[in-house]
Amino acid sequence: MSEAHWDARKLDKTMPQNITPTLDRYQVANFLSPSFGGGTANVEFEVLTSLNVMLNHNELAYVSKLKRPTYSLAMHMNQLGYDTTAMHNNGKYFYNRSAVYQNLGFRRFTSIENMVSAVDRKKFTNQGGWANDDLIYQSIHAQLQKSVDQPQFIYAITVENHFNYNDDRFGKDNFKISKAGITDLNKRQLNTYLSGMQRADQQFKQLIAEAQKIERPTLIIFFGDHLPNLGEVFDQYGFYANAEEKAQKNHAKFFSTPLAVWSNFQLDKAQFDSESVPAHFLAQKVLAAAKLPASPYYDFIARLSACYRQIHQTATIVNTECSNDPAEVLQQYKDLNMDVLNGKNFTYNALNPEKAL
């Protein structure tokens with residue numbers, strides 16, 4: 001999950017075009033995030049639990065709710081025999097991740113504290129105050145080398161291209177901003193952001209190159225967690241149609257980031273055959289695309305996604321091909337959200353992989 005990665009070419013036709021050639025090559029759809037300009041933990045919440053931020057009133061569950069063992073993609077992968085690792089080149093206590101990842105069933109959490117000593121951390125910190133992503137990609141590579149017999153599931157979150165962009169963390173004037181009327185400050189912000197996009201593409205390309213050396217089936221999913229917080233840049237490029245749209249953000253374009261997929265084995269890419277893949281459906285679609293066994297939990301999410309293209313603040317869209325009663329399935333999903341976060345946590349108690357082993 002790449003911090004604030006978005007296709008900035010959507011701002012204007014004058015934007016530099018060949019910024020992310022690797023991602024362009026492997027993009028299969030848009031990723032529909034529940035957040036705009038921030039709120040990474042809410043995106044993680046949907047991806048890892050298949051629950052829904054909107055149905056939970058945009059509450060930050062990582063801080064307020066996920067304080068007990070909770071069924072997740074990590075738990076399912078544990079049950080399939082995978083070694084599970086969460087990885088982030090930021091502090092382990094930010095967004096309560098240290099406790100949350102344990103409750104979600106990850107075997108380990110590799111944070112910035114595990115990647116580099118406190119004494120040497122400044123060497124890997126950019127002008128924006130964020131750790132360089134070289135650290136997390138090095139950690140991914142190191143983790144992959146630790147086990148050749150057991151399959152691995154690594155959930156990694158980058159951070160180097162985080163807001164704010166009023167600096168030259170990747171160098172000055174890497175890109176020419178030609179649109180008239182853009183202030184020097186906003187040109188600087190765009191230069192920094194576009195440079196981060198380019199670096200993310202280069203890191204993705206290098207990760208693929210490393211994966212090609214591994215003689216076992218390997219799948220890489222890349223997506224941006226949300227659009228960047230570019231402030232006045234959006235205004236100066238006319239990204240909002242009017243003040244009402246800026247306030248309400250009731251269009252999918254405010255939540256759509258690239259979703260790219262690479263594998264060295266045949267996938268059922270029809271799973272991604274839609275304009276957007278909502279965060280709450282991503283895990284189920286990845287499991288299906290890779291032909292991995294599903295649990296009853298993900299069987300239900302599959303039924304839900306067969307009835308709804310998305311359940312999102314911009315729109316809840318019903319699939320006309322749904323063979324079940326959409327309203328009934330949606331109510332079951334609402335009940336699931338309520339039980340997991342506020343009820344008896346039936347799903348974890350029924351599907352806890354530790355009990356099943």
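These numbers come from a predicted model, not from an experiment.
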Colleague: For Lys249, I'd like to know if atom NZ has over 12 heavy atoms of other residues, nucleotides or ligands within 6.0 Å.
Modeller: yes
Colleague: Set out, in order, the CA-CA distance, both residues' side-chain angles and the distance that settles ring pair (Phe, Tyr, Trp, His ring centres under 6.0 Å) for Tyr82 and Phe153, then state yes or no.
Modeller: CA-CA 6 Å; Tyr82 284 70; Phe153 169 63; 7.5 Å; no
Colleague: Looking only at the side chains, is there a donor atom on one of Thr70 and Asn103 sitting less than 3.5 Å from an acceptor on the other?
Modeller: no
Colleague: Just by modelled atom types, is the Met75 backbone N or O under 3.5 Å from a matching donor or acceptor in the Ser72 side chain?
Modeller: yes
Colleague: In terms of hydrophobic clusters joined by side-chain contacts under 4.5 Å, are Met54 and Leu48 together?
Modeller: yes
Colleague: Could you report the tightest heavy-atom contact between Ser256 and Leu32, atom names first, then the distance?
Modeller: OG-CD1, 4.0 Å
Colleague: Taking 4.0 angstrom as the limit, do Asp201 and Arg25 come out as a salt bridge?
Modeller: no
Colleague: Take atom CD in Glu232; do more than 12 heavy atoms of anything else shown fall under 6.0 Å from it?
Modeller: no
Colleague: Can the ring centroids of Tyr297 and Tyr71 be said to lie less than 6.0 angstrom from one another?
Modeller: yes
Colleague: Any side-chain donor paired with an acceptor under 3.5 Å for Asn42 and Ser35?
Modeller: no
Colleague: Where do Leu190 and Met15 come nearest, in terms of heavy atoms and distance?
Modeller: CD2-CE, 4.0 Å
Colleague: Taking everything shown except Gln102 itself, do over 12 heavy atoms lie less than 6.0 Å from its CD?
Modeller: no
Colleague: What are the two closest heavy atoms between Ser263 and Leu219, and how far apart are they?
Modeller: CB-CD1, 3.9 Å
Colleague: More than 12 heavy atoms of other residues, nucleotides or ligands under 6.0 Å from NZ of Lys253: is that the case?
Modeller: yes
Colleague: Quick one about Glu210 and Gln206 (side-chain donor to acceptor, distance below 3.5 Å, no hydrogens or angles considered), yes or no?
Modeller: yes
Colleague: Are any of the side-chain nitrogens in Glu275 or Arg309 under 4.0 Å away from the carboxylate oxygens of its partner?
Modeller: no
Colleague: Between Asp235 and Lys246, is there a side-chain N and carboxylate O pair less than 4.0 Å apart?
Modeller: yes
Colleague: Does atom NZ of Lys123 have more than 12 heavy-atom neighbours from other groups under 6.0 Å away?
Modeller: no
Colleague: Taking Gln203 as the fixed residue, which of Asp134, Asp133, Thr158 is the one that meets the side chain to side chain donor-acceptor pair (under 3.5 Å) rule?
Modeller: Asp134
Colleague: How about CD on Gln145, more than 12 heavy atoms from neighbouring residues, nucleotides or ligands closer than 6.0 Å, or not?
Modeller: yes
Colleague: Any luck finding a side-chain donor-acceptor pair between Gln236 and Asn186 under 3.5 Å?
Modeller: yes
Colleague: Please evaluate residues Phe281 and Tyr308 with respect to the criterion ring pair (Phe, Tyr, Trp, His ring centres under 6.0 Å), reporting the C-alpha separation (whole Å), side-chain torsions for both, the decisive distance (0.1 Å), and the verdict.
Modeller: CA-CA 10 Å; Phe281 290 156; Tyr308 289 90; 8.3 Å; no
Colleague: Begin with the C-alpha distance, continue with both residues' side-chain angles, and end with the deciding distance and a verdict on ring pair (Phe, Tyr, Trp, His ring centres under 6.0 Å) for Trp6 and Phe239.
Modeller: CA-CA 14 Å; Trp6 171 62; Phe239 192 57; 5.5 Å; yes
Colleague: Are Phe222 and His5 an aromatic pair, judged by ring center distance below 6.0 Å?
Modeller: yes
Colleague: Between Phe255 and His226, is the ring centre distance below 6.0 Å?
Modeller: no
Colleague: Run the salt-bridge test on Arg108 and Asp83 with the 4.0 Å N-O cut-off and return the result as yes or no.
Modeller: yes
Colleague: More than 12 heavy atoms of other residues, nucleotides or ligands under 6.0 Å from CD of Gln17: yes or no?
Modeller: yes
Colleague: So, Asn52 versus Asn337: side-chain donor-acceptor pair below 3.5 Å or not?
Modeller: no
Colleague: For this output row, return yes or no: ring centroids of Tyr62 and Tyr95 closer than 6.0 angstrom.
Modeller: no
Colleague: Is there a donor-acceptor contact under 3.5 Å from the side chain of Asn191 to the main chain of Phe175?
Modeller: yes
Colleague: Hey, is Asp339 close enough to Lys344 for a salt bridge, meaning N to O under 4.0 Å?
Modeller: no
Colleague: Taking Asn319 for its side chain and Ala306 for its backbone only, find out whether a donor-acceptor pair lies under 3.5 Å.
Modeller: yes
Colleague: When rounded to the nearest 0.5 angstrom, what is the spacing between OG1 in Thr125 and CG in Asn132?
Modeller: 7.0 Å
Colleague: Should we say atom CZ of Phe36 is surrounded by more than 12 heavy atoms from elsewhere, each under 6.0 Å from it?
Modeller: yes
Colleague: Do Asn250 and Thr314 meet the criterion of a side-chain donor-acceptor pair at a distance under 3.5 Å?
Modeller: no
Colleague: Can you find a pair of side-chain heavy atoms, one from Tyr155 and one from Met87, that are under 4.5 Å apart?
Modeller: no
